Amino acid sequence: GPFTPSFRTDLLSEWSGKMASLNVPHTPGADITSTLADPVQIRSWNIAGLPSDGQSVENGIIVAKARRWPLMIDPQGQANKWIKN
């Protein structure tokens, strides 16, 4: 994704605060990884070359859950290596 880790954290905090202020039922502390990820799948992605940092894992989840092919701007070649495996 195009957003930095700090921007993603800020968005999540803003959304959580908004849900709390509107009394929307939600799980406190939930994020994209804890909600949509399968730890076994993430481990297989890491073995296939996906870096294990949080942003890479979130990007992998987005790629796996997307209905369309994502545009990957990959100057270091990490996503290319992961996709090929």
Side-chain angles (χ1 to χ4, degrees):
F3 303 128
T4 63
S6 61
F7 184 71
R8 291 179 185 200
T9 302
D10 292 344
L11 279 177
L12 187 60
S13 296
E14 181 181 334
W15 295 337
S16 296
K18 194 67 166 174
M19 286 190 292
S21 70
L22 295 173
N23 295 321
V24 174
H26 67 284
T27 303
D31 61 1
I32 187 172
T33 305
S34 65
T35 305
L36 298 175
D38 174 18
V40 174
Q41 186 177 34
I42 290 173
R43 184 69 186 133
S44 70
W45 293 343
N46 295 144
I47 292 168
L50 184 72
S52 60
D53 65 280
Q55 186 169 13
S56 296
V57 171
E58 288 178 2
N59 290 343
I61 293 167
I62 293 168
V63 167
K65 301 288 183 182
R67 294 180 135 192
R68 295 181 179 207
W69 294 103
L71 171 63
M72 292 188 203
I73 300 170
D74 185 28
Q76 295 176 336
Q78 294 172 326
N80 191 27
K81 178 182 173 191
W82 171 59
I83 292 294
K84 285 183 178 182
N85 287 325

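Since the model is a prediction, treat every value here as computed from it, not as a measurement.
For the atom pair L50 CG and R43 CZ, the distance stands at 11.5 Å (nearest 0.5 Å). Considering CD1 of I61 and CH2 of W45, their distance stands at 5.5 Å, rounded to 0.5 Å.
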Identify every side-chain donor-acceptor pair in residues 9-20 under 3.5 Å, counting partners at least two apart or on other chains, and give the distances.
| from | atom 1 | to | atom 2 | distance (Å) |
| --- | --- | --- | --- | --- |
| T9 | OG1 | P5 | O | 2.9 |
| S13 | OG | T9 | O | 3.1 |
| S16 | OG | L12 | O | 3.0 |

Show me the side-chain donor-acceptor pairs of residues 25-40 shorter than 3.5 Å, one per line, residues at least two apart or across chains.
| from | atom 1 | to | atom 2 | distance (Å) |
| --- | --- | --- | --- | --- |
| H26 | ND1 | V24 | O | 2.8 |
| D31 | OD1 | T33 | N | 3.4 |
| D31 | OD1 | S34 | N | 2.8 |
| D31 | OD1 | S34 | OG | 2.7 |
| S34 | OG | D31 | N | 3.1 |
| S34 | OG | D31 | O | 3.3 |
| T35 | OG1 | D31 | O | 2.7 |
| D38 | OD1 | V40 | N | 3.4 |

Tabulate below the donor-acceptor pairs under 3.5 Å that side-chain atoms of residues 78-85 make, not counting sequence neighbours, or state none.
| from | atom 1 | to | atom 2 | distance (Å) |
| --- | --- | --- | --- | --- |
| N85 | ND2 | A48 | O | 2.7 |
| N85 | ND2 | K81 | O | 3.3 |

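The side-chain hydrogen bond (donor to acceptor under 3.5 Å, both in side chains) test applied to N23 returns no partner, not counting sequence neighbours.
Sequence neighbours left out, not one pair with a member in residues 56-81 passes ring pair (Phe, Tyr, Trp, His ring centres under 6.0 Å). Sorted by first and then second residue, the pairs that involve residues 50-70 and meet salt bridge (charged side-chain N to carboxylate O under 4.0 Å, His left out), not counting sequence neighbours, are R8-E58.
The two atoms that bring I42 and V57 nearest to each other are CD1-CG1, 3.6 Å, heavy atoms only.
Around the CD1 atom of I47, the shell of radius 6.0 Å holds more than 12 heavy atoms that belong to other residues, nucleotides or ligands.
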